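All values derive from a computational prediction rather than experimental measurement. Order of the sequence lines fixes the chain letters, A, B, ..., with proteins taken first and strands second; residue numbering starts at 1 for each chain. Basis for what follows: all heavy atoms, side chains included, without hydrogens, waters or symmetry-related copies.
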There are 2 protein chains.
Amino acid sequence: MKPKITLKDIARELEVSISTVSKALKNSEEISRDTKDKIQAFAKLYNYKPNNIAVSLKNRRTKNIGVIIPDIVHHFFTTVIRGIEKYANAKGYNVLVCVSNEGYEREVINMELLANGSIDGFIMSLSTETQQKNDYNHIKEVTDQGIPMVMFDRVTDRINCDKVVIDDAQGAFLAVKKFVESGKKKIALITTDDYLSVGKDRTEGYKKALSHYNIPLEESLILKLPSMEVEASAFDTFFKTQEVDAVLCVNEIFAIHAMRLVHGMNKRIPEDISFIGFTDGLLSKFAMPSLTAIAQHGELMGEEAARMLIEKVETENEEETFSTTVLEPTLIERASTL
Amino acid sequence: MKPKITLKDIARELEVSISTVSKALKNSEEISRDTKDKIQAFAKLYNYKPNNIAVSLKNRRTKNIGVIIPDIVHHFFTTVIRGIEKYANAKGYNVLVCVSNEGYEREVINMELLANGSIDGFIMSLSTETQQKNDYNHIKEVTDQGIPMVMFDRVTDRINCDKVVIDDAQGAFLAVKKFVESGKKKIALITTDDYLSVGKDRTEGYKKALSHYNIPLEESLILKLPSMEVEASAFDTFFKTQEVDAVLCVNEIFAIHAMRLVHGMNKRIPEDISFIGFTDGLLSKFAMPSLTAIAQHGELMGEEAARMLIEKVETENEEETFSTTVLEPTLIERASTL
DNA sequence: TATTAACACGAAACCGTTTTCGTAACTTTT
DNA sequence: AAAAGTTACGAAAACGGTTTCGTGTTAATA
């Protein structure tokens, strides 16, 4: 048990002043070669490392970036975190991950906590509850304080800040395109309620693509679930009452569940009915048959968000100017489509 | 853009001293009702929140706990984090997640970084590279400094600290038990090299169970992969050369891959060949057929680790006494077994 | 030799809190 | 009315660094 050594300790031991030690360890020109050598050697010997907290307090920069995500047990978000970590670490930043657990309250608490000096900037994705309440005062408060902020994936135009999203509508378009090009006509969509920004955009892209390919839009072919949970009965009645030959799902789980159901109805995938799911995760790769998916490029998104944030953090904010970068989704073809 | 307000600002504005403000906000008995009311009202009006960094520096407690995991895009680890967050947040602690990315270097860097004042204690799981190198000096250094530490899942007995693991051998035993009780005789094991502590323990449990049920151990029925990656050719030759009616896999991916392969060989699951996989994740639930799994109870593990850590952090460390709690795995029966 | 410049270092302020201790102004006791 | 005790507050040190500025000593210049 050897406690941490401080500048003061070194100064006392070597009979110099604290300032001399500090400068010597930063290799300042002010200090003579001899003294520097002596101090640096001593510091190395006792494994001196500056106290982050003290440095943060003095510099008013923590080199930490705070990330608030709705759920950590979720493949997409973890890939985003991986991207953030990758970029941030390379730039010498640490990443503080907090989870809102899809709740408004925890989102507020976490943000207030981190905002009180713990971080230099935020990267966040909105919780569904926040999106439902449509209340963004906690976020406005943070940005008003001049704390840089980047929102990703689940964003809102009620807040003025940098954003990075993927073009969800385009993703849906790609999927429909794939379906029609392989001869499908009755294309269904399984999605969530519109308050989730992603659900809305994807539905929009789906509709746009249909009209682009001159396929009449049938509202009965859109199954709208109230949440992200799989509601088995809704799926059952949908597939029993509707005649479809292709299904686009806004997430993997919906797609896998639907495929199982259809499999049990003795239809062949992809011949009789094809499937495409959003967010290319583990499930898509290992599904049976493997699921054609629209990749969201989470890691890239994370890197981009980190890049934008650190850019803002490190420049003396002249003009408040915000941009949103839109990533292009790509179609990963697998066995669930022709 | 309204910058953060400090104690000093309040003191100046209300023409009292900083100490008075500090005490008033803590509702100290020392300060008169009138002054307290005045100061508290002012603070609320301007939304004063103490600066965490300054408080940490002064109190020498950060109320942060650092978590180092090998990989964040991994279901098991994220459930552990969820458990940690759950307990820690309830106790007023923040969670700092850093990812070693299965590498020794990043593990060292992250630990050194966090250890310099950013956190009150560590919860960690070893990276595979660290386990291979068998070098734990970076960890010893941290514990030597008196920083509390809890290791989970991938632990080592080379370090003296609290630990929480699940009984991997028992998990394997449960699986084999299930197999023999449903009449299986040729029970295979697909695992990784022994340097991964979990692989080793699970193999041990497998062997113990076989001998317990008087089934001769055939080394040829053990497929040992060099890493966590799926090596398709190894699987191929294994299933072509070996006659088996049950397979225990040390992770989901191996199991899913094997099931697919076997499915392609026109064997029925579970009648001709049954499967059980370790770590009950998304893949197991949504596999086709769904995979019987040994649940590792990640969330519980996280909660327990957090509980142990905070216990240590908050008690003035009298005697250095460490314990390791062993969680019991459970078998989640699904469609891949009889 | 007197003046100036360069060098090498230390004192002290500061970041935003917490906390101990001292004390002026009252109030109570005898 | 003097002594003692309360009350309500402020000064200052401390946490562990960084940084500005001042200064004594030596070396270079006139």
Within the structure, does a side-chain N or O atom of [X] lie under 4.0 Å from either OP1 or OP2 of [N]?
X: A:Lys26; N: D:dG17; answer: no
X: B:Tyr48; N: C:dT17; answer: yes
X: A:Arg61; N: C:dC15; answer: no

Starting the side chain at C-beta, find the nucleotide from [options] nearest to [X].
X: A:Glu30; options: D:dC21, D:dT18, C:dA11; result: D:dC21
X: A:Lys58; options: D:dG16, C:dG10, D:dG10; result: D:dG16
X: B:Val55; options: D:dT19, C:dT18, D:dG10; result: C:dT18

(request) Using heavy atoms to find the nearest nucleotide of DNA chain C for B:Thr20 and B:Leu57 separately, return the residue whose nucleotide is more 5′. (result)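 Its nearest nucleotide lies further toward 5', so the answer is B:Leu57.
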(message) Please report the interatomic distance NE2(B:His138) to CG(B:Asn110), rounded to the nearest 0.5 Å.
(response) 10.0 Å
At 4.0 Å (heavy atoms only), tell me whether [X] reaches a base, stays on the sugar-phosphate, or touches nothing.
X: A:Thr6; answer: sugar-phosphate
X: A:Ser56; answer: nothing
X: A:Ser22; answer: base

(request) On DNA chain D, check which nucleotide each of A:Ser19 and B:Asn59 is closest to and give me the residue with the more 5' one. (result)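 That would be B:Asn59.
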Rounded to whole Å, please give me the gap between [atom1] in [X] and [atom2] in [N].
X: A:Ile10; N: C:dC9; atom1: CD1; atom2: C1'; value: 17 Å
X: A:Leu25; N: D:dG17; atom1: CG; atom2: P; value: 10 Å
X: A:Lys38; N: C:dA8; atom1: NZ; atom2: C1'; value: 12 Å
X: A:Ile18; N: D:dA13; atom1: CD1; atom2: C1'; value: 14 Å
X: A:Lys36; N: C:dA8; atom1: NZ; atom2: P; value: 9 Å
X: B:Ile39; N: D:dA8; atom1: CD1; atom2: C1'; value: 11 Å
X: A:Lys8; N: D:dA13; atom1: NZ; atom2: C1'; value: 10 Å
X: B:Asn51; N: D:dC15; atom1: CG; atom2: P; value: 18 Å

(message) Walk me through whether B:Val326 and B:Ile166 qualify under side chain to side chain contact (heavy atoms under 4.5 Å, CB included).
(response) CA-CA 5 Å; B:Val326 179; B:Ile166 69 136; 6.0 Å; no
(request) Spell out yes or no: do the side chain of B:Lys23 and the base of D:dG10 have one donor N/O and one acceptor N/O closer than 3.5 Å? (result)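 A donor-acceptor contact between them is present.
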(request) Check whether any side-chain heavy atom of B:Asp153 sits under 4.5 Å from a side-chain heavy atom of B:Val165, and report yes or no. (result)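 No - every pair of side-chain heavy atoms lies 4.5 Å or more apart.
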(message) For a salt bridge (Lys or Arg N to Asp or Glu O under 4.0 Å) check, start with the C-alpha distance between B:Arg82 and A:Asp71, then their side-chain angles and the critical distance, and finish with the verdict.
(response) CA-CA 9 Å; B:Arg82 170 183 277 177; A:Asp71 184 4; 3.2 Å; yes
(message) Using the side chain to side chain donor-acceptor pair (under 3.5 Å) criterion, which residues pair with A:Asn47? Sequence neighbours excluded.
(response) A:Lys49, B:Glu141
